[in-house]
Amino acid sequence: MIIILFGAPGVGKGTQAQILARNLGIAHLSTGDAFRTAIANKTEIGLLAQSYVDAGDLVPDSVTAKIVQEAMAASDFQNGCILDGFPRTQQQAAALDEILAAAHKHIHKVVNLEVDNETIVSRLMARGRQDDTKEIIQNRLNVYQQETAPLVEHYLHRGLLTNVNGIGTVEEVSNRILKAVQTA
Ligand code: AP5
Ligand code: MG
């Protein structure tokens, strides 16, 4: 089962992906976490990604698709996975379709978490990751609007997307997500 957790920075993709992956017994792939690990380990991909992640810009699609393709080939991904933070561009969506077609898999559901920008900024400022400064958060939100938000229409047209209110306690939101995922 392939589920995409979609939404702007700070809507709770990572928090909810972990819970959902545990509930469904499938893997969790966060491209952001994968880049941060690669950067910490100074791998070739990490060195390529660093300046983009630091600025809150998107890492080039070719690099991102490679990291996803490698992760999804691993054995713990055979039962499916929660994709958190991927795809974020039309090209990434097309790359995902190719990866899944080759593996005879398909997207079960795209869960679009919705949270207003004011709440997002206060959540991220309270977390304080290295890219959680006011300026970089604003850039991440702009990049999301320009490059990623158009995918909402893309997946809506394909009949795959469900909007889920991301405001409330973590538990309230995860119950909503579980309901959305279990609805055909
Ligand atoms: P990424 O790591 O994906 O960051 P992001 O999309 O900006 O999202 P966040 O991880 O900040 O937020 P989240 O939605 O996961 O929310 P979280 O659960 O943490 O990407 C980072 C960078 O990597 C990008 O800028 C880019 O450079 C690169 N990158 C990644 N993917 C890429 C791709 N596909 N293509 C190109 N480049 C890519 O929650 C946020 C905070 O809120 C936490 O502190 C959490 O505890 C709290 N919280 C969560 N839920 C609730 C709740 N219900 N109530 C109160 N607080 C809550
Ligand atoms: Mg995250």
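As the structure lists them, so they are numbered: ligands from 1, and atoms in each ligand from 1. What you are looking at is a predicted structure, and each value in this text was computed from that prediction instead of being measured.
Looking only at heavy atoms of the protein, atom 38 (C) of ligand 1 is closest to F35 CE1, 3.7 Å. Scanning the protein heavy atoms around atom 53 (N) of ligand 1, the nearest turns out to be G168 O, 2.9 Å. Scanning all protein heavy atoms for the shortest distance to atom 10 (O) of ligand 1 gives R129 NH1, 3.1 Å. With hydrogens left out, the protein atom closest to atom 42 (O) of ligand 1 is R123 CD, 3.4 Å, a heavy atom. Counting protein heavy atoms only, atom 31 (N) of ligand 1 is closest to T31 OG1, 2.7 Å. In terms of protein heavy-atom proximity, atom 37 (N) of ligand 1 is nearest to V59 N, 3.0 Å. Among protein heavy atoms, atom 12 (O) of ligand 1 sits closest to G10 N, 2.9 Å.
For the atom pair L160 CG and I2 CD1, the distance stands at 12.0 Å (nearest 0.5 Å). Considering NZ of K13 and OG1 of T31, their distance stands at 8.5 Å, rounded to 0.5 Å. H28 NE2 to L83 CG: the interatomic distance, rounded to the nearest 0.5 Å, is 9.0 Å.
Residue N142 forms a side-chain hydrogen bond (donor to acceptor under 3.5 Å, both in side chains) with just one option from Q138, Q146, R140, and that option is Q138. Each of D84, L96, I82 was scored for a side-chain contact (heavy atoms from CB on, under 4.5 Å) with I4, with one residue passing: L96.
In the vicinity of Y52, heavy-atom distances shorter than 4.0 Å reach the ligand 1 atoms 27 (O). Of all the atoms in ligand 1, the ones that sit under 4.0 Å from a non-hydrogen atom of D57 are 26 (C), 27 (O). Atom numbering of ligand 1 starts at 1 in the shown order; those under 4.0 Å from a heavy atom of T64 are 33 (C), 34 (N), 35 (N), 36 (C). Close approach of ligand 1 to V11 (heavy-atom distance below 4.0 Å) involves ligand atoms 14 (O). Atom numbering of ligand 1 starts at 1 in the shown order; those under 4.0 Å from a heavy atom of Q92 are 33 (C), 34 (N), 35 (N), 36 (C). Near G14, meaning under 4.0 Å from any of its heavy atoms, are these atoms of ligand 1: 13 (P), 15 (O), 18 (O). Contact atoms of ligand 1 toward G12: 13 (P), 14 (O), 16 (O), 17 (P), 18 (O), 39 (O) (distance under 4.0 Å to a heavy atom of the residue).
Closest heavy-atom approach to atom 19 (O) of ligand 1 among the candidates Q18, R36, R127, K13: R127. The closest heavy-atom contact to atom 22 (C) of ligand 1, among the options V53, L113, D33, comes from V53. The residue among T15, T119, I120 with a heavy atom at the shortest distance from atom 39 (O) of ligand 1 is T15.
An N or O contact shorter than 3.5 Å is missing between L124 and ligand 1 by distance. Among the atoms of P87, none of the N or O lies under 3.5 angstrom from an N or O of ligand 1. Considering backbone and side-chain N/O of L58, none are found under 3.5 Å from N/O of ligand 1. Where the criterion is an N or O separation shorter than 3.5 Å, residue side chain and backbone included, R88 meets it with respect to ligand 1. For the pair G85 and ligand 1, the shortest N or O to N or O distance falls below 3.5 Å. Between R140 and ligand 1, at least one pair of N/O atoms sits closer than 3.5 Å. Between D131 and ligand 1, not a single N/O pair is under 3.5 Å apart.
A donor-acceptor pair is defined here as one N or O able to donate and one able to accept, closer than 3.5 Å; no such pair exists between the side chain of R176 and the backbone of V164. Of the possible polar contacts, none joining the E172 side chain to the I167 backbone as a donor-acceptor pair under 3.5 Å is found.
Look at Q16 and you'll find every heavy atom at least 4.0 Å from all atoms of ligand 1. For E172, the heavy-atom gap to ligand 1 stays at 4.0 angstrom or more.
With a 4.5 Å cut-off on side-chain heavy atoms, F6 and V11 do not count as touching. Taking the side chain as every heavy atom from C-beta outward, L141 and V121 approach each other to under 4.5 Å. A 4.5 Å side-chain heavy-atom check between K105 and L100 finds at least one atom pair inside the cut-off. At least one side-chain heavy atom of V143 sits less than 4.5 Å from a side-chain heavy atom of D57. Annotation: side chain of L113 is in contact with side chain of V173 (closest heavy-atom distance under 4.5 Å). A 4.5 Å side-chain heavy-atom check between N139 and D131 finds every atom pair outside the cut-off.
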Q. Step by step, would you call E70 with K66 a side chain to side chain contact (heavy atoms under 4.5 Å, CB included)?
A. CA-CA 6 Å; E70 280 172 12; K66 201 169 161 209; 3.8 Å; yes
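When the shell of 6.0 Å around CD of E98 is examined, it contains 12 or fewer heavy atoms from other residues, nucleotides or ligands.
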